[in-house]
Amino acid sequence: MCSTASSGLEDLVQEVRRYDPDVDEALIRRAYEFSAQVHGHQTRLTGEPYVTHPLAVARILAEIDSDMLTVVAGLLHDTIEDGRIEDGRPVTREIIEERFGSEIALLVDGVSKLKKHSFQSRVEAQAQNFRKMFVNMASDIRVVIIKLADRLHNMRTVEVYREDKRRAKAEETLRIYAPLASRLGIRHLQWQLEDLALEVLDPDAYRDIQTKVVRTRREREQVVATLSSELQQRLIDAGVPAEVYGRPKHFHSIYRKMVRDELNFEQVFDLIALRVMVYTVPECYASLGIVHETWVPLPEMVTDYIARPKPNGYQSLHTKVVGPEGTPLEVQIRTWEMHRTCEYGIAAHWAYKEGRDAASHFDRSLSWLREMIELQADVPEDSEFMTGVEQSLFQEQVYVMTPKGDPVELAAGATPVDFAYRIHTQLGHECVGAKVNGRQVPLSHALRKGDICEIIRRRGSQPSRDWLSFVQSSHAREKIRGFFRRLSFEEDVKAGRALLERELSRKGGELGLSDDRLFEVAKSLNYQSLDTMLAHLGSGDLKPQKVMLRLRSMETGADIEEELRRFKRRGTKATGECQITAAGVDGVAFTLARCCHALPGDPIVGYVTRGRGLTVHRPDCHNLRAILSKDGSRVIACEWVVPEGTKYKARIEVILGDRIGILHEVTGLITNMGVNIADIGPLSQQGSKMILHMAVDVSGSAELAALISRIEAVRDVVSVRRIAH
């Protein structure tokens, strides 16, 4: 063992001993030695031995007081993906279980990616890995805590990747991992992930904020020290043993506030923030009274998260006051134990610490996780699943109360129907009315922070399709769609078969339509059964043209394949370009039809031109219908093969209401999501509305769908749609 690794291991053992005096030091050392052995002579892109990465991940887990088995799993988290034991065999879950036990094996397997599978696109690979992660989180929440620590260390060393991959990792971190850390209450990881992602996505803004924070630090520290000393002395004089210090602002939180509220640095950073640490809850409330005796409180600026904690377990008293010389002052008051929960969240307080069965225990604060698990089961389409994940994690949240006073976390703008489905699926199905703060309201009513919502239900009632026009959560939307899918499954199967038969008749019956042949088509389109595919046809979720194209390519592919091989591109992998696979031939020369301009993630078909390779269309393209009627035998189904981090231009049309600042808000939102605006056209007027065309650089249709969804949520945005180039 090299001296650096030896020192790192000793530091890890000491860090765990800090909060766990009964640490099994021998187990930690054995896990480290196994990890070092199975990774052999592998190195990271930094040039360091690979084992330095799992050691760093384990250290991050120890810093947030994770239990010892989680730390051990952190040391082993990459062994199933990349390791080989003494006889050359790859490391498996069974080998981990044999050497370290079933609990650690479950955690390590849960974090491991699906590398054994072959994916057609980055979106599919990303979606399948997140599906697996959410399923494993249901068994043990520690899976995602390890994954967060893994991502944090990767972001700390992200500079070794090429620029496109750096940006892709940073965007994913900001869209998925940082919001996950927030939902779990692990502030210690959240702010680091956000700051590291900002440094990659907008380095100029990051350096500008960093420079200004450093430049103003001395003056601010003097002000904070004076105010902290004054307040601490008053607390001690009143018999409250307290510690008062300044609360740091992190770079991404400053950046986000500047973009969201259209403020400059000085406007964001002029608010002095103090934190008061005490030992008991009564001392928290006593401290609040002393703060208000010392400085003038601002009206309606006290928030009590002790009496009503946030769903992620966060507790504190927040107040804003007018300090000396009119300085606005924000004060947070909490106990030391509350502070530990705020920084480390569920990592320090999960059920396994109390010996309960994590596989069957879901705390109320993890209702959003149940939603994620149900979403991955209910939504087969990968791009739609990832959009739902991002919406559920990224949307601003409000806390609404049940009549019993229990907090329920919902997306901003959520309705009583969203609330009902968050409580229970059957309550959502049977919802016929709602009362908010004792007053009956429409089901489309937008709930606000602190509202008390009561659902009126009628046994045997059914949801309405109209609800889909106003519900805000992907969870409620999928439960409503699922209800109608199940209700009409048999009818949809019949309708789907009739659609195919009509399509076949229209084509002159040149293709076979036996159930065995159709089942092959269903499997090639990732459906588990023929009836499932037919039901999706009947419900309109799947176009009959796509099935017919896949069937035609299976019938005529032998001749087409030979022709396509003459148009194979050279050097596409080396240049990192997107590729197309068609009729079993990869790397086919292709052009994207300008009439519909497909993006990676879109379903696509190709027209085999005579002498020029493949022209790629979306199945719903109006020009494709004309081609099918003339020369349908040369139209075949295609699949994307997309290198990670590749970007593509997409054009969108945004119709805006007439509100001052709305354009700045929309463009700021796009930038804050890490999406580059490649081109922006002039505004045109349509009555009282403005029409804006712009081009954005996105990784594919999933990211574009998420972007459109976020823009649509902006107040006074009338509509957003994708348009052809």
Are Asp679 and Lys649 ion-paired here, with the side-chain N under 4.0 Å from a carboxylate O?
-> no
Is Arg659 atom CZ crowded by more than 12 heavy atoms from other residues, nucleotides or ligands, each under 6.0 Å away?
-> yes
Could you tell me if the ring centre of His429 sits under 6.0 Å from that of Phe483?
-> yes
May I ask you to decide if Thr532's main-chain N or O and His536's side chain share a donor-acceptor pair within less than 3.5 Å?
-> yes
Report the distance from atom CZ of Arg502 to atom CG of Leu499, rounding to the nearest 0.5 Å.
-> 4.5 Å
Indicate yes or no: does Glu478 engage Arg481 in a salt bridge with an N to O separation below 4.0 Å.
-> yes
Below 3.5 Å, can you tabulate the donor-acceptor pairs from side chains in residues 459-466 to any protein atom, sequence neighbours excluded?
residue : atom : partner : partner atom : Å
Ser461  : OG   : Arg458  : O            : 3.0
Ser464  : OG   : Asp466  : N            : 3.0

Name all residues meeting the side-chain contact (heavy atoms from CB on, under 4.5 Å) criterion together with Asp658; count only those two or more places apart in sequence or in a different chain, and write none if there are none.
-> none
Is Glu172 salt-bridged to Arg151, going by a charged N under 4.0 Å from an acidic O?
-> yes
Could you go step by step and tell me if Arg715 and Glu665 meet the salt bridge (Lys or Arg N to Asp or Glu O under 4.0 Å) rule?
-> CA-CA 10 Å; Arg715 182 169 61 90; Glu665 186 174 345; 5.8 Å; no
By side-chain contact (heavy atoms from CB on, under 4.5 Å), which residues pair with Ile456, not counting sequence neighbours?
-> Val432, Lys435, Gln440
Sub-3.5 Å donor-acceptor pair from the side chain of His617 to the main-chain atoms of Pro619, do we have one?
-> no
Exceeds 12 heavy-atom contacts within 6.0 angstrom, atom CD of Glu490 | no
